[in-house]
A.B. asks: 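Shown below is the structure under consideration.
Every chain is numbered from 1, with letters handed out A, B, ... down the list of sequences. Please read all numbers here as calculations on a predicted model, not as lab measurements.
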Amino acid sequence: MEPNKIDKKFRKSLQDREINPKPAAWDRLDAMLTVAEEKKASPTYNWLYIAATIIGFIAIAVVFFSKTQPLEDIRRNEIVYENQTPMHGKDSIQDEKQKEILAPEINETIAESTQNKPTQPINKNQTNLKNNTIERKPNNQTQLDRQPSNEAIANNQTIINQKTEQPDQLSNPITNNPSTTIAVIEVNPKLGKTPIKVNASNLLSEVDGELELSFREKVINKINKNYKTVKVALDTRNQQNIINQN
Amino acid sequence: MIQLAVDQNRQAQQMIYNKFAPKMLGVCRQYVKDLHQAEDLMITAFMKVFTNLKNFEHKGSFEGWMRRIMVNECISYIRANKKISFLEDEKYQEESFNNIESNFTVDEIQFLIDTLPEGYKMIFNLYAIEGYKHQEIASLLGINEGTSKSQLSHARKILQHEIIKLKAYHNGTK
């Protein structure tokens with residue numbers, strides 16, 4: 001099919017035809033070219049942003065996974081068992097008596113220690129420690145049960161003594177007078193198995209730790225599960241291929 | 001000047017635009033009836049010309065290279081926005097229209113081309129005006145070579161009919 005006369009006529013008249021565009025057309029093209037040049041100039045920054053975000057995610061992941069391990073240790077160490085005061089008959093009366101006996105002694109010692117010690121924060125620590133011993137004492141049945149707490153108090157006191165360098169002024173009547181501890185034990189000999197009460201703040205921290213652990217475990221389990229499904233699918237596919245080939 | 005335009009010299013780019021824009025708008029107008037739309041397509045095609053200027057190998061004429069970009073832009077637009085169906089009709093007749101002698105103006109010729117359906121118009125423009133071969137048209141539009149030939153034949157028939165009508169109008173018989 002050759003170009004005929006009409007084609008030639010049409011070509012001659014249309015090929016060199018000119019239509020003047022609007023003057024605003026160049027302005028539009030100029031704006032488009034400017035935008036394109038700006039876009040070309042900026043891709044290096046895009047890579048920087050991408051790299052920064054990746055590094056940020058890695059840092060967050062590292063912090064997240066490294067944080068979970070120490071939390072577990074802290075949780076285990078911080079569990080404090082408080083003994084519940086019994087509510088039955090003579091036992092409760094005996095407990096009240098016991099508190100009455102112990103309270104003045106401890107208050108006196110606190111007063112003495114606060115007078116003697118020049119540093120305020122150490123005094124507070126000491127009083128707290130003593131209060132803890134008050135909570136523990138009435139419920140322990142044997143001296144063997146009591147020994148760890150007393151040892152802990154003794155250890156804490158030695159630490160305080162080292163810090164303040166005033167060993168003579170820090171005198172604890174509970175640890176220094178073993179007779180009182182024995183007396184306390186004798187006051188409350190008929191206590192049965194006492195229910196254990198957990199400190200609320202420690203319990204909360206424990207639950208938080210468990211939640212974090214469970215999330216981590218969930219993620220690991222999900223990854224394992226997906227990996228296993230993919231592995232099984234691949235195995236079945238390979239087996240089918242082998243069967244088909246045979 | 002082309003080298004300056006490659007280096008994104010805006011003055012050189014504007015000089016190229018001022019020189020070729022009227023002709024290129026004429027090319028776009030062949031394919032698109034709406035002049036505003038044709039201008040938009042020309043601007044988009046010029047954008048492509050300037051961004052791909054470094055790929056111009058100086059083998060053919062610069063105007064021819066620009067013209068091909070304009071044509072491709074127009075065809076892409078038509079295919080994306082207008083429904084075109086090329087009938088797989090490979091039967092065509094070699095017809096001679098050489099007996100038609102007339103002196104039509106450019107506007108009249110454009111009017112005659114505008115009467116063609118989009119598919120016929122594209123193939124007639126590509127073959128008769130731009131000088132593409134049927135093989136090139138077939139690969140450009142994704143059709144058979146025979147389909148291109150038959151579409152051209154149909155386009156010529158319609159044009160012949162329209163030319164007769166226009167001549168009759170000129171002679172005052174209609």
A.B. asks: Only distances under 3.5 Å count here; give the side-chain donor-acceptor pairs of residues 68-77 of chain B to other protein atoms, sequence neighbours excluded, each with its distance to 0.1 Å.
C.D. replies:
| unit_1 | atom_1 | unit_2 | atom_2 | d |
| --- | --- | --- | --- | --- |
| B:Asn72 | ND2 | B:Arg68 | O | 3.4 |
| B:Glu73 | OE1 | B:Lys48 | NZ | 2.6 |
| B:Ser76 | OG | B:Asn72 | O | 2.8 |

A.B. asks: Is there a side chain to side chain contact (heavy atoms under 4.5 Å, CB included) between B:Ile129 and A:Asp7 once you walk through the steps?
C.D. replies: CA-CA 7 Å; B:Ile129 314 296; A:Asp7 290 356; over 6 Å; no
A.B. asks: Measure the CD-CG distance between B:Gln13 and A:Leu33 for me, rounded to the nearest 0.5 Å.
C.D. replies: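 The distance works out to 5.0 Å.
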A.B. asks: Is the A:Trp26 ring parallel, tilted or perpendicular to the B:Tyr17 ring (thresholds 30°, 60°)?
C.D. replies: tilted
A.B. asks: Using 4.0 Å as the upper bound for N to carboxylate O, is an ion pair formed by B:Arg10 and A:Glu37?
C.D. replies: yes
A.B. asks: Counting heavy-atom pairs under 4.5 Å to chain A, which of B:Thr105, B:Asp40, B:Thr51 comes out on top?
C.D. replies: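 Max contact count across the listed options: B:Asp40.
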A.B. asks: Below 4.5 Å from any heavy atom of chain B, which atoms of A:Lys22 appear? Answer side chain, backbone, both or neither.
C.D. replies: both
A.B. asks: B:Phe46 versus chain A, heavy atoms under 4.5 Å apart: side chain, backbone, both or neither?
C.D. replies: both
A.B. asks: Say whether A:Arg17 and B:Gln30, considering side chains only, have a donor N or O and an acceptor N or O under 3.5 Å apart.
C.D. replies: no
A.B. asks: Applying salt bridge (Lys or Arg N to Asp or Glu O under 4.0 Å), name anything that partners B:Glu39, two or more places apart in sequence or on another chain.
C.D. replies: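 Here no residue qualifies.
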A.B. asks: Please report the closest heavy-atom contact between B:Gly131 and A:Arg11, naming both atoms and the distance.
C.D. replies: CA-NH2, 3.6 Å
A.B. asks: Let me confirm one number: the CG-CG distance from A:Leu14 to B:Asn125, rounded to the nearest 0.5 Å.
C.D. replies: 7.5 Å
A.B. asks: What heavy-atom pair brings B:Pro22 and A:Asn20 nearest, and what distance separates the two atoms?
C.D. replies: CG-OD1, 3.5 Å
A.B. asks: Who among B:Gln14, B:Met42, B:Arg67 has the most heavy-atom pairs with chain A under 4.5 Å?
C.D. replies: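 Counting heavy-atom pairs under 4.5 Å, the top option is B:Gln14.
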A.B. asks: For each of B:Ile109, B:Leu35, B:Val27, tally heavy-atom pairs with chain A at distances under 4.5 Å, and name the one with the top tally.
C.D. replies: B:Ile109
